[in-house]
Engineer: 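Below you'll find the structure I mean.
Positions are given from 1, in the same order as the sequence printed here. Whatever order the structure lists them in is the order used to number ligands and atoms, beginning at 1.
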Amino acid sequence: MTLALRDAPAAEANPFRGSQDGNSHKVDACSIVIFGASGDLTKRKLLPALYNLSLDGFLPSPTSIVGVARKPLPDDDFRAQMKEGIQQFSRRRPANEAAWNELASRLHYISADFSDAGSYEKLRADLESVEKRNGTPPNRLFYLAIPPEFIAVAISNLTKSGLLARSNGNWSRVIVEKPFGIDLESARQLNRQLQQYATEKQIYRIDHYLGKETVQNLLVFRFANGIFEPIWNQKYVDHVQITVAETVGVEGRAGYFDKAGVTRDIIQNHVLQLLSLVAMEPPVAFDADAVRDEKVKVLRSLRPIRESEVQILTSRAQYAGGASGGKTVPGYLQEPGIPPESTTETYAAIHCAVDNWRWSGVPFFLRSGKRLARRATEIAIQFKAPPHLLFRGPAQARMEPNVLTLRIQPDEGISIKFTSKVPGPAPVLQPVRMDFLYGTSFGVEPPEAYERLLLDAAAGDSTLFTRADEVEAAWSFITPILDTWKSLGIADLDTYGSGTWGPRSADDLIARSGRAWRRV
Ligand SMILES: NC(=O)c1ccc[n+]([C@@H]2O[C@H](COP(=O)([O-])OP(=O)(O)OC[C@H]3O[C@@H](n4cnc5c(N)ncnc54)[C@H](OP(=O)(O)O)[C@@H]3O)[C@@H](O)[C@H]2O)c1
């Protein structure tokens with residue numbers, strides 16, 4: 001994995017420069033083939049990411065970018081659609097025609113139906129002709145931005161048509177989008193299907209949280225500093241809270257969300273990935289297998305939650321109508337496209353235990369929800385009180401626990417809360433906060449997660465992608481909870497007001513351990 005290390009804050013345009021060995025990722029010229037080229041993800045995230053990589057000079061020449069979907073479309077129409085997406089969603093807009101033309105000249109479109117094996121012969125012939133025209137070597141990165149039910153058939157057809165074969169030192173890789181299965185059984189089955197046609201080294205399961213700068217910085221923070229690791233354990237840490245809070249409701253994704261729920265959509269993947277990075281042991285090296293070996297050990301150490309414990313250690317709820325962002329909003333069951341009898345959770349909280357030497361007795365509280373009071377993703381590590389309290393009386397009343405907060409979005413940064421003396425003759429204490437903000441310290445806008453991940457996959461670095469065993473370990477923990485919720489029907493399904501911090505049952509969950517949720 002390449003990490004950008006710096007001596008001091010500096011305004012530098014290139015956010016990927018300066019790896020540990022002084023070199024950036026070595027990326028071969030290749031074809032980036034996006035299946036699902038007319039979809040939302042391509043327009044909002046993938047093309048803007050490729051545009052920014054192109055602006056920064058990270059797409060080696062002659063790289064080709066090929067969009068694939070069913071509808072026949074001339075290259076120029078595809079380019080016009082993608083330009084519109086970049087104008088709307090890119091962190092940097094096309095400032096001049098030259099910058100846009102540089103990317104546009106690499107963009108092509110091929111129409112094919114993923115479920116039709118015959119389409120792949122045509123796809124192969126069309127791709128080879130694009131490569132020949134552009135002089136692109138047959139290194140291929142297939143990005144499957146397609147509905148999950150097409151993933152297995154797409155990979156099988158790619159293999160059968162020879163498009164995943166590697167020869168003469170050329171490579172072929174596949175990026176697979178979430179959701180990766182809907183439970184343990186389906187994830188295992190999908191892994192088996194993929195591994196039948198491609199090697200694990202060719203498969204890149206994307207979790208875009210891992211491409212976020214602050215998430216990568218968590219590893220640097222823990223393992224490039226000597227002062228935190230000695231206290232990163234059950235002796236000093238009281239508990240950990242991981243929050244992914246959204247203010248939006250289901251928006252236009254009712255059909256998808258109602259089948260998934262927040263636990264499948266956010267907790268099984270993003271939140272458990274954050275937990276594994278916070279709790280993992282130092283890896284022996286910063287390479288894909290060493291890092292993922294340690295992460296999977298954490299996921300396997302999660303104490304299973306038995307059926308009889310589900311109502312004590314978890315909370316789930318749906319938002320009711322209310323006020324959010326100054327507007328009156330409907331409740332979940334009143335949202336267009338949501339069945340009125342739906343039991344899908346829009347909020348979930350889980351009290352987890354990591355059963356290993358380092359974390360014995362330290363609860364990890366996870367929560368995620370829609371229509372909450374604030375949009376925030378953070379990891380908060382709360383430390384134990386000092387062993388002996390020197391300051392008593394009113395002074396002691398103002399003492400609060402030390403909390404180290406890693407803010408992932410928005411306002412990416414790290415803060416530490418500690419107690420300080422208020423100036424003056426009296427021993428008055430007050431909690432204060434020391435803040436590190438990415439934006440102000442480095443003076444550069446961090447790249448989007450998809451930029452980093454596309455570049456890593458093109459460079460053959462899978463450190464920030466999830467391995468088959470990680471996905472299955474995460475589902476092993478989550479599936480029994482989902483099964484119990486299903487059998488409970490509405491018995492434990494709570495509600496919460498839109499614009500609040502979640503349901504009463506979640507407050508009770510954490511209060512049972514004598515703690516409280518942070519108001520982030
Ligand atoms: N959108 C997001 O923000 C987001 C975030 C995280 C993960 N994801 C995941 O990314 C994937 C794509 O999401 P999306 O929102 O972009 O979906 P989408 O807007 O529904 O797009 C689906 C794409 O697949 C193509 N497609 C569907 N069936 C096809 C077939 N048989 N043959 C060829 N093309 C076919 C569609 O093209 P035509 O119908 O034009 O052929 C379209 O380009 C999903 O797995 C989703 O879960 C999306």
Engineer: Between Gln88 and Lys43, do the side chains contain a donor N or O and an acceptor N or O under 3.5 Å apart?
Structural biologist: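 No, because no side-chain N or O of Lys43 sits under 3.5 Å from a partner of the opposite role on Gln88.
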Engineer: Pair up each side-chain donor or acceptor in residues 327-340 with any protein partner under 3.5 Å, not counting sequence neighbours, and list the distances.
Structural biologist:
from, atom 1, to, atom 2, distance (Å)
Tyr332, OH, Asp258, OD1, 2.6
Gln334, OE1, Gly331, N, 3.3
Glu335, OE2, Tyr319, OH, 2.5

Engineer: Heavy-atom cut-off of under 4.0 Å around ligand 1: list whichever protein residues fall inside it, by chain and number.
Structural biologist: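 Shell around ligand 1 (4.0 Å, heavy atoms): Gly36, Ala37, Ser38, Gly39, Asp40, Leu41, Arg44, Ala69, Arg70, Ala112, Asp113, Phe114, Ser115, Ala145, Ile146, Pro147, Pro148, Phe150, Glu177, Lys178, Pro179.
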Engineer: Which residues satisfy the salt bridge (Lys or Arg N to Asp or Glu O under 4.0 Å) test with Arg264, sequence neighbours excluded?
Structural biologist: none
Engineer: Using the test salt bridge (Lys or Arg N to Asp or Glu O under 4.0 Å), find all partners of Arg375 that sit at least two apart in sequence or belong to another chain.
Structural biologist: none
Engineer: For Thr343 and Trp485, which I'm curious about, is there any donor-acceptor pair between the side chains at under 3.5 Å?
Structural biologist: no
Engineer: Determine whether the side chains of Thr136 and Ser31 contain a donor N or O and an acceptor N or O closer than 3.5 Å.
Structural biologist: no
